Each structure stands twice: as C-alpha cells, then as structure tokens.
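Structure first, then comments.
On a predicted model such as this, the values are computed, not experimentally measured, just so you know. Start at 1 and go down the list; that is how both ligands and their atoms are numbered. Hydrogens, waters and symmetry mates are skipped; everything else that's a heavy atom, side chains included, is used.
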Amino acid sequence: MSAAEWGYTKRNGPFTWAKNYPTAAGIRQSPVDIDTALATSDSSLESKPLRWKYVPQNTRTIVNSGHGWRVDVDSEGSELVGGPLEGTYKLQQFHCHWGSSSDKGSEHTVDGQSYAAELHLVHWNSSKYADCGEAADYPDGLTVLGVLLKVGAKNPELQKVIDLIPSISHRGEKTEVKEAIDPAKMLPKTLSYWTYLGSLTVPPCNESVTWILFKEPVEVSEEQLAAFRSLRCYKRGEECPCDEVDGLLISNYRPTLPLGTRELRECGS
Ligand SMILES: NS(=O)(=O)c1ccc(NCc2ccco2)cc1
Ligand SMILES: [Zn+2]
C-alpha cells in the first residue's frame, strides 16, 4: 500500500518514519552533522590503514528502489579492513542521496555545510555474519563508506551509472550493469576520514552501521545530478502516489540527527 510506504515527501518523509519504524527515534541514528572541532584524532586508527579490494566485474545490476538508484554487487572477492573495523567487511551495494538543488542533498553535513550529494558504499561483516540481512541486525554488522559529492567536473565512473538511468526510470525497474563500474574509482584521492557509530539512514534505520565518511569531497557535474533527479518514485503504469513534482525523485536525503554522547573520531588531516 503506497500510503504506508516511507519516502521523502511531507506525508511519508523522515519526520514520519518513527511511527512505523521506532528505531528511527533511537540515540545512535544517522546522518549527523560533523562538528570538526569535536573530532578526536586516534593513533589506533592511524596505525591500521583502511584497505579495500573491489572486483569491478562483480557490479551486477542497477535498480530503481523507488528511493533512488542502487547498484547491487556480488560480495565475493571484495573486502574492506582496517581503520575502526574489526574483521573483514564485504561490499553489498552502493547508492546515492541528493537534493532538489545542488545547495543541499548530502546526508552528513560538515560544520553545518551540506554538499550536493553523498555516495554510500555499503559493506557487511563477513567475519561474523552469513549475509547482509543478518548483519544489519547487529551493532557491528555493517559499515558504510560515505563520499561527499560537490558540483564540478563530470565524474567518469559515475557516468556509467547515469548512462543506465533511462533504463530504470520507474520504481522496481532494474537492468544489468554491462560496463563494469569500479567502486574504488569513486573514492577520493586522500583517505582522511571521520568515523562514528550510527545507523542506516533509511527505514528500518537499524543501529548497525560503523560510518566512515571521507573528508575530501569528489566532483560530479550538474548534469549528472540532474540525471539522478529524473528517476521516478512510482511504478510504470501506476499513478504517482507521492506528492513530489510529478513523482520525480528530486530529493532523497535524511536531515541530520543529534550525535548525542557518541564519540566522533578522525584519521588524517
Ligand atoms: N543510506 S545507508 O547507507 O545508511 C543504507 C540504506 C539502506 C541499506 N539497506 C541494506 C540493508 C541490509 C539489511 C537491511 O537493509 C543499507 C545502507
Ligand atoms: Zn545511503
């Protein structure tokens, strides 16, 4: 029933989620504003550099989830270790959040500043759990690499996603990713990051994510952001349930929640 379906409009948006997903009102929620003055540098993070291995050929399909685009990956062969992480995490999927104009759209903000969009690479703890779904139920189950996107040059790796958007214009549509997308090429050059314990930024908002947000933004063009906003949040042939501008997914970011008493650590300048 589309009315109960969560989304990003006034009727079903972030301020209504806690009604159906009580965890959304928890004390370990994401995103948060990164108050850089509060960040503590931690020698243990410096001593275990973040290391990743991805298999571009394992990026399988791209789908319009109704809340954005998502590239699903065959986890085998991928790994993320080090930094704040215990054990090995495997890449499950990556997706993006954006706003109706480029002055907003990122989920995390830095000293109150929003970016135009934010890329999330979602990993699950394969040292302890059997799959992503199980891992999402545990406090150390998931880790998400967050990359802030700012308006600038066209992003060649993200262009491979954008080229597929016309084939997934409506909710539920999916298509094969023929030209391998290398997640590693979407990461910034410098690997400095902030890290804190948080949650999924969409329902059910499980408090199971170790967030690792890179400090250096990556560039994406206005035209590429416009392509993201051309996705529709409803199924082909159905009328538009959301009161968005004719059902266009023009904005899919959750406003920030309080960091509360959580520690915010940083690695690198
Ligand atoms: N925006 S986000 O990076 O916090 C995010 C959003 C949704 C999922 N879904 C993955 C999942 C696995 C089990 C339950 O849900 C994973 C991560
Ligand atoms: Zn996300």
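- With respect to atom 10 (C) of ligand 1, the closest heavy atom belonging to the protein is Q93 NE2, 4.0 Å.
- Within the protein, the number of N/O/S atoms found under 2.8 Å from the Zn ion (ligand 2) is 3.
- The ligand atoms of ligand 1 that sit less than 4.0 angstrom from a heavy atom of C132 are 12 (C).
- Using 4.0 Å as the threshold, H95 has a heavy atom nearer than that to some atom of ligand 1.
- Y196 and W211 have parallel rings, their planes meeting at less than 30° on a 0 to 90° scale where 60° marks the start of perpendicular.
- The shortest separation from a heavy atom of V209 to ligand 1 is not under 4.0 Å, leaving the residue out of contact.
- Of all heavy-atom pairs spanning F214 and W52, the tightest one is CZ-CZ3, 4.1 Å.
- If you number the atoms of ligand 1 from 1 as listed, the ones under 4.0 Å from a heavy atom of V144 come out as 3 (O).
- Electrostatic pairing of R232 and E238 does not count as a salt bridge here, judged by no charged N lying under 4.0 Å from a carboxylate O.
- The aromatic rings of Y138 and Y129 lie parallel to each other, their planes meeting at an angle below 30°, with 60° marking the opposite boundary.
- What sits closest to atom 1 (N) of ligand 1 on the protein, heavy atoms only, is T201 OG1, 2.8 Å.
- Ionic pairing of E223 and K154 is not present here: no N-O contact between side-chain nitrogen and carboxylate oxygen is shorter than 4.0 angstrom.
- Atom 13 (C) of ligand 1 has as its closest protein heavy atom A136 CB, 3.3 Å.
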(message) Could you walk me through whether F94 and H120 satisfy the ring pair (Phe, Tyr, Trp, His ring centres under 6.0 Å) test, starting with their C-alpha distance in whole Å, then the side-chain angles of each, then the deciding distance to 0.1 Å, before giving a yes or no?
(response) CA-CA 5 Å; F94 56 91; H120 289 159; over 10 Å; no

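- Of all the atoms in ligand 1, the ones that sit under 4.0 Å from a non-hydrogen atom of H120 are 1 (N), 2 (S), 3 (O).
- Distances below 4.0 Å separate heavy atoms of V202 from the following atoms of ligand 1: 6 (C), 7 (C).
- Distances shorter than 4.0 angstrom occur between a heavy atom of H97 and an atom of ligand 1.
- Using a cutoff of 4.0 Å between basic side-chain nitrogens and carboxylate oxygens, K90 and E79 are not scored as salt-bridged.
- Side-chain polar atoms of D33 and T109 form a donor-acceptor pair below 3.5 angstrom.
- Ring planes of Y8 and W6: perpendicular class, angle over 60° (limits at 30 and 60°).
- For atom 8 (C) of ligand 1, a protein heavy-atom neighbour is found at a distance under 4.0 Å.
- Ranking the protein heavy atoms by distance from atom 16 (C) of ligand 1 puts L200 CD2, 3.5 Å first.
- The minimum heavy-atom distance linking N155 with E219 is given by the pair ND2-O, 3.1 Å.
- Between R60 and D72 no salt bridge is recorded (no basic side-chain N to carboxylate O distance below 4.0 Å).
- Between E266 and K215 there is a salt bridge, since at least one side-chain N of the basic residue sits less than 4.0 Å from a carboxylate O of the acidic one.
- Within the structure, ligand 1 has W211 among the residues with a heavy atom less than 4.0 angstrom away.
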